[in-house]
There are 2 protein chains.
Amino acid sequence: MATIRDVARRAGVSSSTVSLTFSDASRVSAETAKKVRSAAVALGYRPNPLAQGLKRGRSRMIGMVVGDLSNPFFGSLLKEVERLAKRSNYNIIVAESEADQAQELAVLSHLADQRIAGCLLFPHGRGAAYVETLNEFDLPIVTLDHKVEGGAFDFVCSDNRIATSMLTEHLLRLGHRRITHLSGPAHFWTGAERIKGFEHTMRSAGFTDFDIVDGGYMADPAYAETMRLMTRSERPTAIVAANNVMALGCLAAIKDLGVRCPEDVSLAAIDNVPWNSVIDPQLTLVEQDLSRLARIATSYLLERIENPDIDAYPPRETVLTPRLVVGTSTKRYGS
Amino acid sequence: MATIRDVARRAGVSSSTVSLTFSDASRVSAETAKKVRSAAVALGYRPNPLAQGLKRGRSRMIGMVVGDLSNPFFGSLLKEVERLAKRSNYNIIVAESEADQAQELAVLSHLADQRIAGCLLFPHGRGAAYVETLNEFDLPIVTLDHKVEGGAFDFVCSDNRIATSMLTEHLLRLGHRRITHLSGPAHFWTGAERIKGFEHTMRSAGFTDFDIVDGGYMADPAYAETMRLMTRSERPTAIVAANNVMALGCLAAIKDLGVRCPEDVSLAAIDNVPWNSVIDPQLTLVEQDLSRLARIATSYLLERIENPDIDAYPPRETVLTPRLVVGTSTKRYGS
DNA sequence: CTGAAAGCGCTAACAG
DNA sequence: CTGTTAGCGCTTTCAG
């Protein structure tokens, strides 16, 4: 592989001139630049990113740390992020935290070792020590989905309260009164927000007697909770699930019990599921504009990376309003 | 950040001894090693991968190049690959080729610039020039899914002929006679194999008059082809779709036409769809053991990476037998 | 506007 | 068994 010195020799200049030509062309005469470029092309010169990174103390890699790589929700995001990063000449290195604070921190520290330029993070930790550790990486970090309280990071998410509100209102309008919220963990930011949206909507409508059961954002607990719920004496006529995998766990339980959806119970959920449009029942859900989310998060990050002085700037925050998609999994109560 | 020299100073040895301690501890006395290690710990020393990579001419990154990052099929694979790579101290850098040969090559060349240690590749090209270019990267490459003809790469896939055979036989056993194959492009390795499996099974059963329509592995063309197919005078009683997204395109068309599945037409497909178990109809399909696929591919790659002498070894190949999962989208003809 | 020089942090002969 | 030395390929003051 041709090095910068080979190019310099062939162009009859010094290696620093070659370097300058590529990094800050304005500091080199047009004529020299041309010579350098053609020499580079002739030799098929490609700068060695490892050497650049070592020297600059910063690579052109962006980390993306998520709780679960196999979640399709994440694939759609990744696709867009990769596209935008590539366009700015960054690569994406992915890592999974298994939604665990310790693993997340370990992974981040490993990425920091690689001198990544910045990181898109779905955080799963909390507390002062956590925030402190995050800060010590001294890395541009954009947080997604879950807000790190006490931290000063850019943050992009969709409006979680409105999400459950939309679903709950939809069910109320359909005449449902016994609505149960199959929630995420209350100690997760998103879980708590979604619970608040549900509670607030129910209270505003004059209901004070409603159930919230924790499905842990996972399919199996959601299945189990639904089983319990639907075999009680006074079972709900509608369920609001706090995410897609719980909705599907819930649906599985419903089917296994021989209960029909939506005839016997309506189901509405947060987050889209792949190919929802062709399944039956089609879930009534609120979906996020994932590619918009990806675009905003990526641009936040790239801005911070390319404007080191921006460090002093206050963190920015974007909350996207999700969209209600009415499917066939909800129907008017009693009719 | 502490460097190797800081550690050397504190341990009262030279930096090469420190380096040795971490790379080949057997070449250092136990006593020295201990001193070095405790100095390293005291200083919180972590080797700089960029410097290591520069020196060795090889980073500890593994590239994963796929056609479509948003395909959930790929997420499941990535999850397992990342887990295994992490265990051996490698990072995954992902890139998308949009199933396009030129983009794939561009992406690979960019990854090669990064001195990645190796690459998991879902190839999308063909021809001698393509193979030649791939070879010139001089990189351990494991190919997945699509076999590169004329290349000498490790290869892992599932048995595509058996996949369509299983589905077709299942339909034949159910009494279907007018079976159409909604195929992938015949110029894709997988597309061709799946077609062969279908043809062979039909012929062996004594049928020579069957249709194969190309849905390009994509939902929209599959939708359009299904529309044509199902509005013809003699429509099929069963369809074998060559992948999951076409199956769903097909299902969408069927629904829009007001045709019922499985009552009016049976549908069977290759590849699982997320949460198939809870949708209705549940697709009858053959699924691959993705985590097994991931494990084999990753171990092939890691072996090549860590045994440079293995270069002379002949390429290995694993063909996994998929598993038939009978759902509710297929039923006995006429009954 | 261009070149010389110093080094980023690490590794790997080669001596000792 | 350990240290010396010479870079890997690039960037970046600092002079000229």
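We name chains A, B, ... by the order of the sequence lines, and we start the count at 1 in each one. Computed from a predicted model, the values in this text were never measured in an experiment.
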_Close residues, residues 39-51 of chain A, relative to DNA chain C [heavy-atom separation under 4.0 Å]_ = none
Taking atom [atom2] of [N] as reference, at what distance in whole Å does atom [atom1] of [X] sit?
X        : N      : atom1 : atom2 : result
A:Phe22  : D:dT12 : CZ    : P     : 15 Å
A:Arg56  : D:dG9  : CZ    : C1'   : 12 Å
A:Arg9   : D:dC10 : CZ    : P     : 12 Å
A:Glu31  : C:dT2  : CD    : C1'   : 13 Å
A:Met1   : D:dC10 : CE    : C1'   : 15 Å
A:Asp113 : C:dC10 : CG    : P     : 10 Å
A:Arg5   : D:dG7  : CZ    : C1'   : 9 Å
A:Ile4   : C:dA4  : CD1   : C1'   : 14 Å

For nucleotides 2-5 of chain D, list the nitrogen or oxygen atoms of the protein found under 3.5 Å from its nitrogen or oxygen atoms, one pair per line.
| unit_1 | atom_1 | unit_2 | atom_2 | d |
| --- | --- | --- | --- | --- |
| D:dT2 | OP1 | B:Ser29 | OG | 3.1 |
| D:dT2 | OP1 | B:Thr32 | OG1 | 2.2 |
| D:dT2 | OP2 | B:Ser29 | N | 2.8 |
| D:dT2 | OP2 | B:Thr32 | OG1 | 3.3 |
| D:dG3 | OP2 | B:Ser14 | N | 2.8 |
| D:dG3 | OP2 | B:Ser14 | OG | 3.4 |
| D:dG3 | OP2 | B:Thr17 | OG1 | 2.7 |
| D:dG3 | N7 | B:Ser16 | OG | 3.3 |
| D:dT4 | O4 | B:Ser16 | OG | 3.1 |

*Phosphate oxygens OP1/OP2 of C:dG9: is one of them under 4.0 Å from a side-chain N or O of B:Gln52?*
no
*asked:* Check the phosphate of C:dG9 against B:Thr3, side-chain N and O only, distance under 4.0 Å to OP1 or OP2. Yes or no?
replied: no
*Checking A:Arg316 against A:Tyr300: charged group under 6.0 Å from the ring centre and within 45 degrees of the axis?*
yes
*Just wondering, more than 12 heavy atoms not from A:Glu136 lying within 6.0 Å of its CD?*
yes
_Tell me whether A:Arg126 at atom CZ has more than 12 heavy atoms from other residues, nucleotides or ligands lying less than 6.0 Å away._
no
So, the side chain of [X] versus the backbone of [Y]: is there a donor-acceptor pair under 3.5 Å, distance only?
X       : Y        : result
A:Lys86 : B:Glu96  : yes
B:Ser59 : B:Arg115 : yes
A:Ser88 : A:Tyr90  : no
A:Ser38 : A:Lys35  : yes

_Could you check whether the side chain of A:Lys55 and the base of D:dG9 have a donor-acceptor pair of N or O atoms closer than 3.5 Å, going by distance alone?_
no
*Could you verify whether a donor N or O on one side chain and an acceptor N or O on the other, from A:Ser97 and A:Glu104, lie under 3.5 Å apart?*
no
*With under 30° as parallel and over 60° as perpendicular, where do the rings of A:Tyr217 and A:Phe188 fit, or are they tilted in between?*
tilted
